[in-house]
Amino acid sequence: MTHFDTLETRSDDQRTADLARDLPEQIARAKSAHGFARLLADVDPAAITDLQALAALPVLRKSELSRAQSEHPPFGGFTVKPAHGFAHVFQSPGPIYEPGGTDHDWWRMGRFLHAAGIGQGDIVQNCFGYHLTPAGMIFENGARAVGAAVLPAGTGQTELQVTAARDIGCTAYAGTPDYLKVILDKAEEMGVTLSFTRAAVGGGALFPSLRKEYADRGISCLQCYATADLGNIAYESAAMEGMIVDEHVIVEIVTPGTGTPVAPGEVGEVVVTSLNPDYPLIRFATGDMSAVLPGHSPCGRTNMRIKGWMGRADQTTKIKGMFVRPEQVAALVDKHAEIVKARVIATRVGEMDAMTVQIESSGGDDAAYARSVAEVLKLKGAIEVVAPGSLPKDGLVIEDQRRYD
């Protein structure tokens with residue numbers, strides 16, 4: 001079968017109709033969880049049937065999730081089950097705690113493994129961590145969904161990994177992009193031939209040169225974009241033209257520090273709404289940057305595509321000893337109706353920090369803008385008013401041009 005299921009090849013009209021059916025139910029589930037009591041207090045779930053209505057809801061940030069978890073452990077009231085209703089409780093740095101289930105493909109990783117050509121008859125050497133964090137179980141759950149067996153290798157002990165891969169006949173690798181090379185190089189050093197033909201990677205950058213090295217060794221390597229909180233968000237197919245959004249999440253690209261969607265194709269922060277009924281995270285800000293690719297993938301999957309990971313959205317920068325945050329830049333824009341967007345640029349003049357605020361506006365009073373900058377950013381800086389559409393569409397609202405070498 002070419003595709004994991006029929007959801008992957010839905011028409012745009014069918015996907016829109018399914019969203020109108022599923023989204024109100026998920027908003028209602030979230031609203032019943034006390035963690036969303038404040039965020040969704042005045043929201044009528046029945047009215048949230050499309051992306052435009054969804055974009056009007058507040059963004060949930062990881063800092064808020066962490067704070068809620070400290071007050072209402074372990075999940076902050078954002079799940080529809082108590083902790084003992086889940087199969088696992090995981091811990092990520094922060095600490096932040098995530099639930100986990102053993103239901104069929106709970107994190108939806110099977111869709112990616114299927115796209116990577118992994119299935120029945122394969123033995124996956126799973127080199128994601130199994131200790132506290134969920135990555136190991138996420139990929140193991142996905143392997144079960146496609147009928148593959150798993151060697152739960154975890155990380156480290158590379159010689160033992162090589163020996164096990166040879167003895168068992170592992171055909172596929174799951175793990176970070178670079179660790180597969182460590183295993184392959186160790187195998188060459190040991191004079192061992194391994195049987196890997198496919199690799200499903202995540203959790204780090206897959207550089208083109210590394211992918212080519214794997215291809216030269218007869219290994220097809222595809223990557224996914226997933227998080228501990230949300231599971232699989234997007235994944236590559238054999239077409240390798242961007243990352244296809246998973247069928248059970250909704251991805252928005254917004255201006256960093258806000259919940260406002262950017263124009264199609266512009267770089268912004270990835271905000272995800274999960275349709276997982278057990279853990280209904282609504283407009284959860286990942287802190288990652290990406291952009292939407294137009295059109296559909298040549299592989300026949302019809303969901304939206306993104307360009308993949310393009311950096312972090314947290315552009316908080318210290319200027320003249322004061323932190324300037326994306327939220328402050330957004331507040332500056334909101335302060336004047338005629339401002340389209342703004343960009344803070346940090347530079348050095350001699351041995352001193354300097355700040356320039358570029359403002360896209362069709363007019364306005366420079367002096368008024370300067371007063372607003374001082375009030376909102378708590379710093380004085382040069383003001384440059386530019387015509388609407390002039391600023392780069394790269395997702396940056398704070399640009400640090402200082403060099404420290």
Side-chain angles (χ1 to χ4, degrees), residues 22-45 48 53-103 106-109 129-138 141 203 225-233 246 248-252 254 256-259 269-288 312-314 316 325-327 330:
D22 297 338
L23 189 52
E25 295 177 0
Q26 190 70 336
I27 299 297
R29 290 189 194 100
K31 192 170 181 178
S32 69
H34 72 260
F36 282 103
R38 179 183 61 80
L39 293 172
L40 302 178
D42 300 322
V43 174
D44 175 11
I48 312 301
L54 181 65
L57 301 183
V59 168
L60 173 63
R61 298 203 170 272
K62 189 161 285 195
S63 57
E64 189 164 4
L65 182 62
S66 179
R67 183 167 54 251
Q69 288 188 354
S70 66
E71 296 169 356
H72 302 283
F75 303 130
F78 289 96
T79 65
V80 298
K81 292 180 178 180
H84 59 74
F86 292 97
H88 299 100
V89 178
F90 297 100
Q91 183 196 77
S92 292
I96 287 187
Y97 297 94
E98 301 99 6
T102 54
D103 298 344
W106 197 82
W107 288 280
R108 307 170 316 282
M109 193 53 68
Y130 280 80
H131 178 64
L132 289 178
T133 58
M137 292 304 300
I138 288 174
N141 206 240
Y225 168 40
T227 72
D229 317 272
L230 297 158
N232 191 25
I233 297 172
D246 181 74
H248 292 284
V249 298
I250 302 163
V251 168
E252 301 170 86
V254 309
T258 78
E269 182 178 11
V270 178
V271 168
V272 180
T273 294
S274 169
L275 297 178
N276 181 339
D278 298 333
Y279 197 22
L281 293 177
I282 306 298
R283 302 204 80 205
F284 186 71
T286 64
D288 296 321
R312 291 291 295 171
D314 184 6
T316 297
R325 295 178 169 81
E327 294 88 344

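In what follows, residues are counted from 1 in the order of the sequence shown.
- Rounded to the nearest 0.5 Å, atoms CG (D314) and CD (E269) are 8.5 Å apart.
- Using modelled atom types, no side-chain atom of K31 and backbone atom of P45 make a donor-acceptor pair closer than 3.5 Å.
- With rounding to the nearest 0.5 Å, the separation of CD in E98 from CG in D229 is 5.0 Å.
- Here the closest heavy-atom approach between residue Q26 and residue I282 is recorded as CG-CD1, 4.1 Å.
- By the 4.5 Å heavy-atom criterion applied to side chains, S92 and P134 are counted as neighbours.
- Residues T316 and P326 are in side-chain contact: their nearest non-hydrogen atoms beyond the backbone lie under 4.5 Å apart.
- Here the CG-CG distance, from L275 to L23, works out to 7.0 Å after rounding to the nearest 0.5 Å.
- Nearest heavy atom pair, residue F284 against residue K62, reads CZ-CE, 3.8 Å.
- With R283 as reference, L57 is the one residue of I250, L57, L39 to meet the side-chain contact (heavy atoms from CB on, under 4.5 Å) rule.
- Shown here for L60 and L65, the closest heavy-atom pair between the two residues is CD1-N, 4.5 Å.
- Considering all non-hydrogen atoms of both residues, R108 and G231 come closest at NH2-C, 3.7 Å.
- Within the 4.5 Å cutoff, the side chain of H248 has no heavy atoms near those of the N276 side chain.
- Contact record, V59 with E64: O-OE1, 4.4 Å, taken as the closest heavy-atom pair.
- You'll find the side chain of P280 reaches within 4.5 Å of the side chain of V80, heavy atoms only.
- You'll find the side chain of V251 reaches within 4.5 Å of the side chain of I233, heavy atoms only.
- Without hydrogens or angle criteria, N141 side chain to W106 main chain gives a donor-acceptor distance under 3.5 Å.
- Going from atom CG of L40 over to atom CD1 of I27 covers 6.0 Å, rounded to the nearest 0.5 Å.
- When all heavy atoms are compared, the tightest approach of D278 to K81 is OD1-CE, 3.4 Å.
- Aromatic pair Y279/F78: centroids not less than 6.0 angstrom apart.
- In this structure, CZ in F36 is found 12.5 Å from CZ in R29, a value given to the nearest 0.5 Å.
- Rounded to the nearest 0.5 angstrom, T286 OG1 and R61 CZ are separated by 9.0 Å.
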